[in-house]
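Take a look at the structure set out below.
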There are 2 protein chains.
Amino acid sequence: MSSDPEPLPDARTRLASAALDAFAAKGFHGTTTRDIAAAAGMSPAALYVHHPSKEALLHELALVGHAQVLALVEEAAVSVPESDPVGQLARVVEDFVRHHARAHLGARVVNYELSALTEDHLAEIQAIRHGIDVVVRGIIERGVAAGVLHTPDPHMTTLAMLSLGIDVARWYREEGAWSPDDVAVHYRGLALRMVGAA
Amino acid sequence: MSSDPEPLPDARTRLASAALDAFAAKGFHGTTTRDIAAAAGMSPAALYVHHPSKEALLHELALVGHAQVLALVEEAAVSVPESDPVGQLARVVEDFVRHHARAHLGARVVNYELSALTEDHLAEIQAIRHGIDVVVRGIIERGVAAGVLHTPDPHMTTLAMLSLGIDVARWYREEGAWSPDDVAVHYRGLALRMVGAA
DNA sequence: TGATTGACTAAGCGCTTGCTTACCATGGCT
DNA sequence: AGCCATGGTAAGCAAGCGCTTAGTCAATCA
């Protein structure tokens, strides 16, 4: 008897990461259960020992991925005092962008395959996305109120800032010249200038 | 006998726009030839009278869509004198963003379904994308040389600027509070501040 | 007028899909 | 020893896939 209430055996993880790679490369509908099973070194039927359906696998990936990003954003925000919105924003953007470069395959699935989810599962994910938006918008709005950030529309600027980070997952390549840190640092500068805080 | 060397009958256009809507909503692999034909009001076989394959349909949409964007960017660039890189950049970003909001369904297909193309067709599209990048990077590099734009890495900044516009196609909704013009104008401001030109 | 052409459809072919069934091997518990 | 839970497989089912075939029909042309 393990102390883990929900044991995550190796095969389950292997299936999930095989699915992540395949979904990122060919999309949810372009990936077959046979692709996933083969990449995890199992027969197609083994997938159903661990996950009830292909969609459930996507849902789990999306849920974990979004939860990670929300946690990352919240941690970045509280790691800098609330009295320093510029510092908070710098930290959030840097960490957000670094994550989307470093984990670009996962981030791709998480951001571009949502339309394959069931209505219920999609709604669950949207709620987490809203949470991320709230944290970032809060920082920007407090910065504007304090006179250290400047934008005519904090709502749209928040969207643009997150958008900039998310899209890194689309274009980032490991073989390229830039490390995740390179991109994160550069984007932090862009973001700060966008709100007149550089 | 028409003067048109290649007559584009109505049905062909209807199929293309039905495909565009379907690909944008459910992705290339999530869309069936029966979906497309039904939306165009025809039998599945009629699709093959006008297009040799489902992939060829995607290729045509991608080609036309990319050509439009390249033309739009080039026209925006030459509509402002070369001696004014700030004005050129403002105009390019504004037009680029407006297009990605206004034609967000088409832009979605054009940017997010490329992996479903054959190798040859993809290479053709990448060449056009490179052309777009060259125009925008040229403006930024000349602006930096002239001392009116500022960025430590014109290459990455160009990428970020295009990325910002492209991602509009992912999140833009007609039902939202913002018109394509609203987004275009706001993003123009963000872009100029990103390169210290506001 | 009769032949030809071009757009279209009903039917369906061969294959692949997501998922299920029936079964098997192993290892820990009583 | 006997049992059964766990995690796996081989085989295959029903449905759906991209695409083809064979043929219809209206407009065009010699």
Side-chain angles (χ1 to χ4, degrees), chain A residues 1-23 25-62 109 113 115-121, chain B residues 1-23 25-62 109 113 115-121:
Chain A
M1 185 181 299
S2 133
S3 66
D4 246 337
E6 192 141 340
L8 286 193
D10 204 39
R12 202 182 140 84
T13 311
R14 255 159 55 225
L15 281 166
S17 87
L20 187 142
D21 288 348
F23 291 162
K26 306 188 292 178
F28 178 79
H29 293 295
T31 299
T32 70
T33 54
R34 285 163 179 83
D35 290 340
I36 298 168
M42 309 177 188
S43 77
L47 193 152
Y48 295 90
V49 172
H50 300 280
H51 302 93
S53 70
K54 193 175 84 154
E55 191 272 346
L57 233 175
L58 173 63
H59 174 235
E60 189 183 303
L61 294 175
V109 174
E113 302 300 326
S115 71
L117 290 172
T118 63
E119 215 173 325
D120 290 354
H121 287 167
Chain B
M1 184 181 298
S2 135
S3 65
D4 245 337
E6 193 143 338
L8 285 193
D10 204 39
R12 200 182 141 86
T13 311
R14 255 158 55 226
L15 281 165
S17 88
L20 188 143
D21 288 349
F23 291 162
K26 306 189 292 179
F28 177 80
H29 293 294
T31 299
T32 71
T33 54
R34 287 163 178 82
D35 290 340
I36 298 168
M42 308 178 190
S43 77
L47 192 151
Y48 295 90
V49 171
H50 301 280
H51 301 93
S53 71
K54 192 174 84 153
E55 190 272 346
L57 234 175
L58 173 64
H59 174 235
E60 189 182 304
L61 294 175
V109 174
E113 301 300 327
S115 71
L117 290 171
T118 62
E119 213 173 325
D120 289 354
H121 288 167

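Chain letters run A, B, ... following the sequence lines, proteins first and then strands; every chain starts at 1.
Atom CG in A:L58 sits roughly 13 Å away from atom P in C:dG18 (whole-Å rounding). Atom CE in B:M42 sits roughly 7 Å away from atom P in C:dT9 (whole-Å rounding). What separates CG of B:L47 from P of C:dT9 is a distance of 11 Å, to the nearest Å. To the nearest angstrom, C1' of C:dT17 lies 13 Å from NZ of A:K26. Spacing between atom CG of A:L57 and atom P of C:dG18 amounts to 12 Å, rounded to whole angstrom units. Rounded to an integer number of Å, the gap from CG of A:D35 to P of C:dT16 is 12 Å. Regarding B:L15, its CG atom lies at a distance of 11 Å from the C1' atom of C:dA7, rounded to whole Å. Put simply, CZ on A:R14 is 12 Å from P on D:dG7, counting in whole angstrom units.
Here CD of A:E60 is found 4.5 Å from NE2 of A:H51. Values are rounded to the nearest 0.5 Å.
One side chain, A:D35 or A:T32, offers a donor N or O that lies under 3.5 Å from an acceptor on the other.
Comparing A:T32 and A:P52 against DNA chain C, the residue whose closest nucleotide sits nearer the 5' end is A:T32.
Between A:F23 and A:F28, the ring planes lie tilted relative to each other; the angle falls in the 30° to 60° range.
Of the candidates C:dA10, C:dC19, D:dT9, C:dC19 carries the atom nearest the A:K54 side chain, counting heavy atoms from C-beta on. Residue B:T33 has its side chain nearest to D:dC19 when only D:dT9, C:dG18, D:dC19 are considered. When the nucleotides D:dG7, D:dA11, D:dT21 are ranked by their closest atom to the side chain of B:A45, D:dT21 comes out on top. The B:H50 side chain lies nearest to C:dC8 when the options are C:dC8, D:dT20, C:dT20.
At a cut-off of 3.5 angstrom, the base of C:dG18 holds at least one donor-acceptor pair with the side chain of A:R34.
Within the 4.0 Å cut-off from OP1 or OP2 of D:dG18, not a single side-chain nitrogen or oxygen of B:H29 is found.
What you find for A:A37 and A:S43 is that their closest heavy atoms are CB-O, 3.6 Å. Across every non-hydrogen atom of A:Y48 and A:S53, the tightest pair is CE2-CA, 4.0 Å.
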